[in-house]
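Quick notes on the structure that follows.
As the structure lists them, so they are numbered: ligands from 1, and atoms in each ligand from 1. Heavy-atom basis, side chains included; hydrogens, waters and symmetry copies ignored. What you are looking at is a predicted structure, and each value in this text was computed from that prediction instead of being measured.
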Amino acid sequence: MSITDPAITPEPLERNTPARLVVLVSGAGSNLQALIDECESPEYGCTVVAVGADREGTGGIERARRAQIPTFVCRVADYDDRDQWDDAMTRTVAQYEPDLVVSAGFLKLLGPRFLTEFDGRVINTHNSLLPAFPGINGPADALNYGVKYTGATVFFVDPGVDTGRIIAQTVVPVEASDTVSTLLERIQVAERAQLVETVGRLMREGWTTAGRWVELG
Ligand code: GAR
């Protein structure tokens with residue numbers, strides 16, 4: 001594969017140093033915490049400039065406040081319809097001029113205006129080996145199916161549910177004795193490490209795409 005191939009789109013390398021991350025959360029925010037911790041090291045090359053949630057009272061927003069990172073909450077219920085919420089999310093996130101938007105357990109589908117505004121710069125982490133077990137119950141669905149291996153996937157967000165181009169995957173074994181919570185815990189250890197590594201590499205090294213294939217560096 002060569003970047004002279006017209007099917008391959010080189011992504012622009014110009015970005016802020018450190019790269020500006022906006023992280024979106026709906027829950028506990030353990031992936032966010034891993035990013036916040038890694039951003040303390042200057043070599044990592046990234047900084048979390050804002051954390052947003054779609055609901056009040058999330059652990060993720062608490063973690064951001066403790067780290068003195070600006071936060072916002074943008075609830076669908078506060079708008080007349082989904083389009084207006086999409087506009088509000090887009091305007092709010094744009095104010096922080098992100099190089100990358102990281103959806104880390106954000107449990108709402110991002111709207112078309114948002115995805116256009118931050119075209120190709122929105123990633124998500126999901127707790128299964130996509131395309132298997134998309135949605136919000138990845139670990140339980142994997143356990144119930146009886147797979148021997150599952151894992152976590154980082155991908156570029158597109159309008160579908162967990163359907164975007166895959167950037168990185170990590171494999172986690174399923175044990176006979178697993179419950180949903182033991183499996184989830186094992187997946188999340190690997191997921192956090194993968195997310196931190198992938199975000200850092202995307203921002204430091206850039207990436208190219210060829211169809212659905214994403215190449216870091
Ligand atoms: C993560 O395991 C992530 O994969 C999952 O939510 C969890 C959030 O954990 N996301 C999805 O299922 C989206 N399809 P966290 O709030 O502790 O980072």
Side-chain angles (χ1 to χ4, degrees), residues 21-40 44 46 48 50-67 69 71-76 89 98 100-111 114-115 118 122-145 147 149-174 178-200 202:
L21 311 178
V22 170
V23 183
L24 304 179
V25 296
S26 298
S30 66
N31 283 285
L32 164 68
Q33 188 67 56
L35 286 167
I36 292 172
D37 293 347
E38 199 68 24
C39 284
E40 282 180 16
Y44 187 58
C46 301
V48 180
V51 174
D54 64 326
R55 60 197 74 186
E56 300 286 352
T58 61
I61 290 289
E62 273 314 304
R63 290 176 193 271
R65 287 189 183 136
R66 276 201 295 277
I69 295 167
T71 61
F72 63 89
V73 173
C74 197
R75 300 182 336 143
V76 173
M89 279 291 291
L100 192 71
V101 179
V102 182
S103 173
F106 186 70
L107 300 181
K108 288 275 182 308
L109 269 185
L110 292 162
F114 191 97
L115 294 181
F118 306 108
V122 185
I123 67 166
N124 193 2
T125 178
H126 179 66
N127 47 24
S128 76
L129 288 177
L130 292 172
F133 313 121
I136 58 170
N137 298 311
D141 291 345
L143 194 63
N144 291 337
Y145 198 92
V147 294
Y149 293 92
T150 182
T153 303
V154 180
F155 60 99
F156 284 112
V157 175
D158 71 5
V161 177
D162 300 331
T163 51
R165 288 176 299 177
I166 290 170
I167 306 166
Q169 291 189 299
T170 184
V171 175
V172 171
V174 181
D178 267 334
T179 61
V180 174
S181 68
T182 59
L183 179 58
L184 176 62
E185 198 177 321
R186 191 176 311 115
I187 292 170
Q188 285 196 320
V189 170
E191 180 179 33
R192 288 193 288 268
Q194 172 174 255
L195 182 66
V196 163
E197 158 94 9
T198 306
V199 166
L202 282 167

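- From the protein, the heavy atom lying nearest to atom 5 (C) of ligand 1 is N127 ND2, 3.5 Å.
- Inter-residue side-chain proximity for T150 and Y145 is flagged as unmet; no heavy-atom pair is nearer than 4.5 Å.
- What sits closest to atom 4 (O) of ligand 1 on the protein, heavy atoms only, is E191 OE2, 2.5 Å.
- For atom 12 (O) of ligand 1, the nearest non-hydrogen atom from the set A152, G135, G138 belongs to G135.
- For ligand 1, the polar-atom distance check finds an N/O of Q188 within less than 3.5 Å of one of the ligand's N/O atoms.
- Each of the atoms 16 (O), 17 (O) of ligand 1 lies under 4.0 Å from some heavy atom of A28.
- When all heavy atoms are compared, the tightest approach of A104 to T125 is CA-CG2, 4.1 Å.
- The contact set between ligand 1 and N31, taken as ligand atoms under 4.0 Å from a residue heavy atom, comprises 1 (C), 9 (O), 15 (P), 18 (O).
- When the shell of 6.0 Å around CG of L109 is examined, it contains more than 12 heavy atoms from other residues, nucleotides or ligands.
- Here the closest non-hydrogen pair linking A28 and R63 is O-NE, 2.7 Å.
- Each of the following atoms of ligand 1 lies closer than 4.0 Å to a heavy atom of T125: 3 (C), 4 (O), 10 (N).
- Side-chain contact check for R55 versus I61: every heavy-atom pair is 4.5 Å or farther apart.
- Listed for the D162 side chain is a donor-acceptor partner under 3.5 Å among the backbone atoms of G135.
- The residue among G29, G105, A34, S26 with a heavy atom at the shortest distance from atom 16 (O) of ligand 1 is G29.
- Not one N or O on the side chain of H126 forms a donor-acceptor pair closer than 3.5 Å with the backbone of P131.
- Of all protein heavy atoms, the one closest to atom 17 (O) of ligand 1 is S30 OG, 2.6 Å.
- Two residues are said to be in side-chain contact when any heavy atoms from C-beta on lie closer than 4.5 Å; V25 and V51 meet this criterion.
- Under 4.0 angstrom from ligand 1, the non-hydrogen atoms of D162 all belong to its side chain.
- When only interatomic distances are considered, the shortest N/O to N/O separation between L184 and ligand 1 does not fall below 3.5 Å.
- Residue-ligand proximity, H126 to ligand 1, at heavy-atom distances under 4.0 Å covers atoms 4 (O), 11 (C), 12 (O), 13 (C), 14 (N).
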